[in-house]
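Fair warning: this is a prediction, and the values are worked out from it, not measured in the lab.
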Number of protein chains: 2
Amino acid sequence: MPDNLSIRLDFRSQVPIYTQIVEQIRLRVASGQLRPGDQLPTVRQLATELRVNFNTVARAYRQLDEAGLISTQRGRGTYIWEPPTGAALEALRREGLAERARVFVEEARRDGYTDSEITRAVQAALSGGDEPVELHQPERLEK
Amino acid sequence: MPDNLSIRLDFRSQVPIYTQIVEQIRLRVASGQLRPGDQLPTVRQLATELRVNFNTVARAYRQLDEAGLISTQRGRGTYIWEPPTGAALEALRREGLAERARVFVEEARRDGYTDSEITRAVQAALSGGDEPVELHQPERLEK
DNA sequence: ATTACATTGATACATTGATACATATGGAGC
DNA sequence: GCTCCATATGTATCAATGTATCAATGTAAT
C-alpha cells in the first residue's frame, strides 16, 4: 500500500474534510497514481497521518466504495477496485480537473488574489510552459 | 482550552454583545493571554458562561474568523490562529500566485488535460465558487 | 403609529470525534 | 490440522461542535 497519499487538507475550508479526501483519492485514481488492486492506507493510518478522526476517513472510504471506486472489506482493508472505463473515465477525469481547479482558486482567493489576477496567472502559466502552445514569440525559459 | 476567559459583558451597553466578545478576545490575543493554537471555549460553553445565546457567541467567533484571528472548524472547535510553520511556511513563501499557477498547470498537463480543458475548469471554478474574500485568511494547521 | 433594520434567541442540521462492536487474519500451543 | 486468542481492520451509534435559517425583540427613522 502507498505509504503516503500526500493528501493535503484545508481545515478552514468550507468543504468538509471527508469530501476533500474523497476528491483527492478520485484524482489519484483518475490520473493513474492509484491502480486497481492497490491497497489504500487503513482508516486509522490515514487518519493519523492527516490528524483527523478515523471516522472521517471511514466516511470518505464509504463514499468511494458506494461510487464503486474502491472496495472496503471489514477486517482486511481497502483496495482500489475496477479501472473506470469509457464515459465514466472521462467524467472522472473532468471531475478530477474540476476539483484541482477549485482548490487552486479557493486558496488563491483566500490569499487575497482577485479573479482577474488568477485568470492572468493561469494564462501566463499556460503560455509559459514548454508544452503544446504555439506562439509566435520566443519561448520563455524556466525561471 | 482556557476554562475561563473572564469576559465581562455590559448588557445595558449600546454596543452589541457579540462586538463586546469580539473586542475582548482581540485584547487577550494582543496581550498574549491567548496564544496561537489555544482552543477557545465552544460556542455553547462560552454562551452558558456569559448567559447569552450560543448564536451570539458563534457570531462573534465568525467575525474573528473572518478577520483571520481565529480558526473555527465545524465539529472540531475553535482555535487561535496559528501561523504556518516549517514546511508549510516554506511552501507558502515559495508559492506565490504565479508559482502555484505554474504547478497547477504543470500537473494538469502531465495528467493529460488539454490547455482548453484547464482554462475551462479554472473559469468554472471562478464562477462557481463564492465571491472572493478580501481578508487574508491563511490556511490553518491542525491543533 | 409604522416601517426598517440590527440584534438576539430557538430550532434543526451537517460535520467531526469518541466509544463500543463485528469481522478477518495470523500465530501459539496443542 | 485445529483451536484459541490477540490484533488489525472497517462499522455502527451517539455525543460534541459549529452553521444555517427563521422568529422574536428592541431601536431608530419616517
Residues A:Glu117, A:Arg120; criterion salt bridge (charged side-chain N to carboxylate O under 4.0 Å, His left out); working and verdict: CA-CA 5 Å; A:Glu117 280 179 314; A:Arg120 278 198 301 272; 5.1 Å; no

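Judged purely by distance below 3.5 Å, without hydrogens or angles, the side chains of A:Gln73 and A:Ser71 pair a donor atom with an acceptor atom.
Taking atom CD of B:Glu66 as the reference point, atom C1' of D:dT19 lies 13 Å away to the nearest angstrom. Here the P atom of nucleotide C:dA14 and the CZ atom of A:Phe11 are 22 Å apart, to the nearest Å. Rounding to whole angstrom units, CG of residue B:Leu46 and P of D:dG18 are separated by 10 Å. Nucleotide D:dT19 holds its C1' atom 16 Å from the CD atom of B:Gln63, rounded to whole Å. Remark: P of C:dT16 and CD of B:Gln39 are 16 Å apart, rounded to the nearest angstrom. For A:Phe54 and D:dG10, the CZ to P distance is 10 Å, given to the nearest whole Å. One atom, CD1 of B:Ile17, and another, P of C:dG9, lie 8 Å apart when rounded to the nearest Å. Distance OH (B:Tyr79) to P (D:dG18): 9 Å, rounded to an integer number of Å.
For D:dC22, the paired nucleotide is C:dG9, the pair qualifying as Watson-Crick or G-U wobble because both relevant distances are below 3.5 Å.
Here the closest non-hydrogen pair linking B:Ile70 and A:Arg12 is O-NH2, 3.5 Å. Between A:Phe104 and A:Val122, the shortest heavy-atom contact is CE2-CG2, 3.5 Å. Here the closest heavy-atom approach between residue B:Arg76 and residue A:Arg51 is recorded as NH2-O, 3.2 Å. Here the shortest heavy-atom pairing between B:Gln63 and B:Val22 reads OE1-CG2, 3.8 Å. Of all heavy-atom pairs spanning A:Leu46 and A:Ile7, the tightest one is CD2-CD1, 4.5 Å.
Counting only heavy atoms from C-beta on, B:Pro16 has its side chain closest to C:dT7 among C:dT7, D:dT19, C:dT15. Distances from the side chain of B:Arg44 to the nucleotides C:dC13, C:dT8, D:dT11 place C:dC13 closest. Out of D:dT9, C:dA18, D:dG18, the shortest distance to the side chain of A:Asn55 is found at C:dA18.
Look at B:Thr78 and you'll find a side-chain N or O under 4.0 angstrom from OP1 or OP2 of D:dG18. Look at B:Tyr18 and you'll find a side-chain N or O under 4.0 angstrom from OP1 or OP2 of C:dT7. Here A:Thr72 reaches the OP1 or OP2 of D:dT11: one of its side-chain N or O atoms lies under 4.0 Å away.
Within a 6.0 Å radius of CZ in B:Arg110, more than 12 heavy atoms belonging to other residues, nucleotides or ligands are found.
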Each nucleotide in nucleotides 23-30 of chain D should get exactly one letter: B, S or -. Can you fill that in based on protein heavy atoms under 4.0 Å? -----S--

With B for base contact, S for sugar-phosphate-only contact and - for none (protein heavy atoms under 4.0 Å), nucleotides 22-27 of chain C reads BBSS--

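The CD1 atom of A:Ile21 sits 8.0 Å away from the OH atom of A:Tyr61 when rounded to the nearest 0.5 Å. If you take CG on A:Leu50 and CD on A:Gln24, they are separated by 8.5 Å, rounding to the nearest 0.5 Å.
Using a 4.0 Å heavy-atom criterion, one finds that B:Arg62 contacts no nucleic acid atom at all.
Comparing B:Asn53 and A:Val15 by the nucleotide of DNA chain C that holds the closest heavy atom to each, the one mapping nearer the 5' end is B:Asn53.
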